[in-house]
There are 2 protein chains.
Amino acid sequence: MPTNWLSDSEQHAWRMFITTIPDLNAALEADIAAHGLTMGDYEVLVFLSEAPDSRLRMCDLATALRLSPSGLTRRLDGMVKAGWVDRASCSADRRVMYAHLTAAGLEKMSVAAPDHVASVRRHVLDQLGTDGVEQFGELFGKIRQHLHGLQPA
Amino acid sequence: MPTNWLSDSEQHAWRMFITTIPDLNAALEADIAAHGLTMGDYEVLVFLSEAPDSRLRMCDLATALRLSPSGLTRRLDGMVKAGWVDRASCSADRRVMYAHLTAAGLEKMSVAAPDHVASVRRHVLDQLGTDGVEQFGELFGKIRQHLHGLQPA
DNA sequence: CGAAGATACTTGCGATCACAACTATTCACT
DNA sequence: AGTGAATAGTTGTGATCGCAAGTATCTTCG
C-alpha cells in the first residue's frame, strides 16, 4: 500500500529530490577527495578564507557549518593536525578560541577550490541551464525562508 | 578572498541550496522523531511497505537506501529489536536474507506516514506552489539523470 | 564434476558526530 | 562588588556508517 497522498507531480518532485541528494553528495565528496579533503573540511576552509583575518570564533563557525560544538572541536582537531588550521585564543574574551586558517590551509584551499567549483558546475549548474539555475535559487530561497522562520522561535 | 568564479545567480542558487539542505533534513528528522523514528528507519519502512510481500533482499534494500551492506545490517538490527522488521532466509538462495515488514512495522508506518507527508508538504511543497513543485521535480530530474549516467560506468 | 570466481551477508575496526556533563569565563542585576 | 545566569569550549559516551576481511553459498566453465 504505497503512500500516495501526494499528487503525481508532487510525488515525482519529492522522489527526484530525495533520491538525488545522496548521490549528489557522494559525487561532490568523491571529487574533493582527490585533494585529500572531505566536504566538511572544505567547508571549514571556505568559511575561514572568507572571514576577516582568516579566522572565526568556534561558536560562529559551528553555527555556520550547522555543526554541534563538540563536532566542530573534533573536526578542527583533524585539520589542525593536517596543518591547515590553528587555534588562537582571544585576549578580549578568554573563553573564546579562534579557528585560524594557516598559510598551508590557504594554499590547500586555493588549489582545491577551482576543482570544487568545476565539480559543482559539472554535476549541477551545467545540468540546469541558465533559467534553471535562476529557478533553483528561487525555489530553495523559499524553502530556506520558511525554515528560517522556525529556527529562532 | 571569496571564491567567486560563479556568476551572482549561480552563487546565489548554490548558496541557497547548500545552506538549506541540512536545515531541511533536520526539520524532517525532528518531525518524524515524534513517532520514535529516524528518517533512516522511516525509509526502510517505506521501501518494505511498497515491496511485493512486504519484503526485500538485503542487497536490494541497501542499494535502494544508498547504504553499504554493513550499514544496512546494523540499521536492521535496531529495527528488528524494535519489532518493526524481521529477517527471513530464502529457500531458493541461502545466501540471501529478506528484510520483512512485520505487522507492527506496518502499523507504525501507517501511523507515521500521514504525519511525514504533512511535514514534507509544510516544509517544502507548500512553499513552492504548484508551478514551483513542477519545476523542482524537473530540475532534480536533470541532475539525477546526469548523476545516474556516472554510476554504471 | 570440480575448482575459480562472483555474490550475499556479517563482523572488526576506525571515523564522524550529537548529547550531556564539566570547566572556565563573562554578563546582568542588585 | 558579588552572586546567579549565560556563554564558549572540551571531553566522555554512545549511535551511525563505511571499508576491509571473513564465511557461506551459488555460478561458471573447463
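Proteins come first, then strands; the chains are lettered A, B, ... in the order of their sequence lines, and each starts at number 1.
A donor atom on one side chain and an acceptor atom on the other are not found under 3.5 Å apart for A:T63 and A:D60. Side-chain contact of A:D115 with A:H35: a donor-acceptor pair under 3.5 Å is present, judged by distance alone. A donor-acceptor pair shorter than 3.5 Å cannot be found between the side chains of B:S89 and B:R94.
Across the protein-nucleic acid pair, B:R57 atom CZ and D:dC26 atom C1' stand 12 Å apart, rounded to whole Å. A:Y98 has its OH atom 15 Å from the C1' atom of D:dT7, to the nearest Å. Whole-Å rounding puts the A:M79 CE to C:dT16 P distance at 11 Å. At whole-Å resolution of the value, CD in A:E29 and C1' in C:dT16 are 11 Å apart.
Relative orientation of the A:F136 and B:F140 rings is tilted, given thresholds of 30° and 60° on the angle between their planes.
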Nucleotides 10-18 of chain D: protein proximity per nucleotide (B base, S sugar-phosphate only, - neither; heavy atom, under 4.0 Å): BBBB---SB

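In this view, A:H100 satisfies the ring-ring contact (aromatic ring centres under 6.0 Å, His included) rule with no residue, not counting sequence neighbours.
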What does the list of N/O pairs under 3.5 Å between the protein and nucleotides 23-26 of chain C look like, with a distance for each?
{"unit_1": "C:dT25", "atom_1": "O2", "unit_2": "A:R95", "atom_2": "NH1", "d": "3.4"}
{"unit_1": "C:dT26", "atom_1": "OP1", "unit_2": "A:R94", "atom_2": "N", "d": "3.0"}

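Checking side-chain atoms of A:D93 against main-chain N and O of A:R95 turns up a donor-acceptor pair under 3.5 Å.
Looking at B:D41 and B:R75, no side-chain N of the basic residue comes within less than 4.0 Å of a carboxylate O on the acidic one, giving no salt bridge. Ion pairing of A:R55 with A:E50 is absent here, as no side-chain N (NZ or NE/NH1/NH2) approaches a carboxylate O to less than 4.0 Å.
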